[in-house]
Amino acid sequence: MRNLDKQSKNSKDEQLEAYRVDDKDGNMTTNQGLKVSDDEHSLKAGDRGPTLMEDFHFREKMTHFDHERIPERAVHAMGYGAHGYFQVYEPMKEFTMAGFLQDPSVKTPVFVRFSTVAGSKGSADTVRDVRGFAVKFYTEEGNYDLVGNNIPVFFIQDAIKFPDLVHAVKPEPHNEMPQASSAHDTFWDFIANNQESAHMMMWAMSDRAIPRSYRMMEGFGVHTFRFVNEEGKARFVKFHWKPKLGVHSLVWDEAQKLAGKDPDFHRRDLYESIENGDYPEYELGVQMIEEEDEFKYDFDLLDATKLWPEEIVPVKIIGKMTLDRNQDNVFAESEQVAFHPGHVVPGIDFTNDPLLQGRLFSYTDTQITRLGGPNFHEIPINRPVCPFHNNQRDGMHRMTINRGQTAYHQNSLAQNAPRPATREQGGYVHYQEKVDGRKIRQRSESFKDHFSQAKLFWNSMTEVEKHHMISAFRFELGKVKSKSVQQQVVHMISCIDSTLAGEVAEGIGASVPNEQTESGVTLESPALSQEKTVKVPDTRKVAVLAEDGYNSASLNAFISKMKETGMMPEVISHTLSPLKSEGGEELEVDHTFLTSDSILFDSFYVAGGQKSKELLLGKKDAAAFLKEGFSHFKPIGAAYEAAEVLEAAGIANGPGVIVAEQSQDPAVFSDAFISAAAEHRHWDREV
Ligand code: HDD
């Protein structure tokens, strides 16, 4: 049940309240308010006769249904949102005049939409893809949208190439396959022939592209933006979201199976954690570079295929976002929300990053088709919480009733209202950057190093992460049919790292280039490796395998300790009938082996009790369940008497396998299990 008391009430929530309708109050009516007497039968001439045109109720109901769908987003079609709030930790006055970044006591309402990029609306959550991380701040100075991804760089440097990138990654046009996957010829053909994508390619083949949860991934604004303070002083800034639960991923086998067993895995995880009161939290960080240091680095700050290594430009943590309320209606909120990187507030400005500049056009443009006209800002989820006035009028679905005679500027009839505001009054004044140049279609020389940071990323990975990347390349390129495209990609990889190129080439039967072309970069950025992330057990799911005759003393102690720690134990058995312990106590079963699967859990525990153990040993599914969890490197625990169940599954003692000792203090066992669960995965296990 939703914990309404713990949810914060805020100005956006109050505004949305005016639009919420509870359809259970009152009679059924037509859209004109006429009470409906029958919703089961169309109006006919006789009980076997034709339906009559006169049946306005039938026609209205059917017409509305016929027009229920709107075009899905061109990219990021599959997504899911949540409400929450943002609070800054300390005033940011020195760096920016943005009002929502000044007062730590102010909670700015936010709406966040997480998404995949390539798949259609309704496609599986756990595919290998970049994740969208779009945040709308409803500030008192207007809406500010930070429309980011979970990867800090992008495939291309100039927005003019965006349609090409998207055409390449989307299903191929002649057969509309494959859905929500980059493992096909056109995507890799694009990559090999647009080498600026090298760095992003490495991220997309890393574990970042298969997150465990939307709650366990970072977010990045990607572009270099500007912070501008009251004095008009500007600094370059990059935005980061850092999840309090750390950054964690699935393994590829698990991700693929989840796409079938629970295509809504990430949506469900977000929804359920908010319903349970386990509110996802992300800290906002900024990296800042002084304007005078613009050319101090060996990468161009305007190039969106480059990151600023955190070890060189530290991330300053400035606030926290908490997601504490699920949507009421996914269409009204997630589907109709309209983000735009050009929705800014005073104190936040753009740079000349050519990718950002192009985005500033694309987002409003796409909403006009998607949301059916230029008035999408009036849709409840998109309305600012502060008043908005201008001379824009009319258009499809206009809802505002603008009173008065004038709708132009300047005017004398309405004393020139609505009047532009001066900078002192809060008017947005663009940063007065001096620009001087010839009109040319060219890329700056400083954008032409595509491989150094790709190599930096590779150097920063642990051996396990490197191994995952090799497998990802082998998988993706192994699905490519064109030998030429495969070979071109191997050549491209060899410009990054020859060992990686060799491993990939071997896996797909391509040849390794003879000449040594790899990037000479030896630097590492440890912050890029997920293995160094925060490790906590909170909200981790534990599958508790038990049958009749379980030992209630040890199981009850284990379950209460898990709950106390903030972990989520769920009981799995062969049927949903309540279990009876050795002493006759009852225990509710949450799932059966049929309705559940090991891939839905982070860790496993086998309950004690002789009879329970024998029943678990008697059927193959418990062993299969545990074996799969083990092969995905997940922590596994067992009560002393249940050790045999692990043995039957071929699970030997080793990393992340914890079997209670005879008469061991349950608290000691639980602590060991909790530490193992916090580790997320035990990679040093032989599987
Ligand atoms: Fe984009 C949606 C993020 C480059 C054009 N983009 C969209 C969404 C996210 C991003 C998170 C989904 C928002 C939502 O949940 O509704 N896009 C990015 C990032 C980029 C990026 C981080 C590079 C740094 N995008 C990009 C370029 C263009 C677009 C270069 C075009 C010039 N993006 C769009 C779009 C979408 C979109 C076609 C589709 C639906 C929408 O805007 O509202 O306009």
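Along the sequence shown, residues carry numbers from 1. On a predicted model such as this, the values are computed, not experimentally measured, just so you know. Every number for a ligand or one of its atoms is a count from 1 in the order of the listing. Any value given below was found using the heavy atoms of this structure, including those in side chains, with hydrogens, waters and symmetry copies removed.
For ligand 1, the atoms sitting less than 4.0 Å from at least one non-hydrogen atom of Gly132 are 11 (C), numbered in the order shown with element in parentheses.
Counting non-hydrogen atoms of other residues, nucleotides and ligands closer than 6.0 Å to CZ of Phe361 gives a total of 12 or fewer. Surrounding CD1 of Ile160 are at most 12 heavy atoms belonging to other residues, nucleotides or ligands under 6.0 Å away.
Looking at atom 31 (C) of ligand 1, its nearest protein heavy atom turns out to be Phe162 CD2, 3.2 Å. Looking at atom 21 (C) of ligand 1, its nearest protein heavy atom turns out to be Arg359 NE, 3.2 Å. The shortest contact between atom 10 (C) of ligand 1 and any protein heavy atom is with His76 NE2, 3.3 Å. Nearest protein heavy-atom contact of atom 41 (C) of ligand 1 is Thr366 CG2, 3.5 Å. Among protein heavy atoms, the minimum distance from atom 16 (O) of ligand 1 is reached at Arg73 NE, 2.8 Å. Closest to atom 11 (C) of ligand 1 among all protein heavy atoms lies Gly148 O, 3.2 Å.
One option in Gln157, Gln357, Arg113 has a heavy atom closer to atom 15 (O) of ligand 1 than any other, and that option is Arg113. Of the options Phe154, Phe339, Phe111, the smallest heavy-atom separation from atom 13 (C) of ligand 1 is shown by Phe339.
Counting heavy atoms under 4.0 Å from ligand 1, residue Gln367 touches it through the side chain alone. In Val75, the parts holding a heavy atom less than 4.0 Å from any atom of ligand 1 are both the side chain and the backbone. Contacts of Asn149 with ligand 1, taken as heavy-atom pairs under 4.0 Å, involve both backbone and side chain.
Between Val127 and Ile210, the shortest heavy-atom distance links the atoms O-CG2, 4.2 Å.
The nearest N, O or S atom of Ser362 is not closer to atom 1 (Fe) of ligand 1 than 2.8 Å.
Checked against a 6.0 Å centroid threshold, the rings of Phe137 and Phe100 count as neighbours.
For ligand 1, the polar-atom distance check finds an N/O of Tyr363 within less than 3.5 Å of one of the ligand's N/O atoms.
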Q: Start with the C-alpha distance between Phe239 and Phe220, add both sets of side-chain angles, then the distance that settles ring pair (Phe, Tyr, Trp, His ring centres under 6.0 Å), and finish with yes or no.
A: CA-CA 6 Å; Phe239 295 103; Phe220 302 91; over 10 Å; no
Q: List the steps and the verdict of salt bridge (charged side-chain N to carboxylate O under 4.0 Å, His left out) for Arg268 and Asp125.
A: CA-CA 10 Å; Arg268 189 186 312 287; Asp125 283 347; over 6 Å; no
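One finds no salt bridge joining Glu290 and Lys296 here, because no Lys/Arg side-chain nitrogen approaches an Asp/Glu carboxylate oxygen to under 4.0 Å. At a threshold of 4.0 Å, the pair Asp449-Lys306 does not count as salt-bridged, since none of the basic side-chain nitrogens sits closer than that to a carboxylate oxygen.
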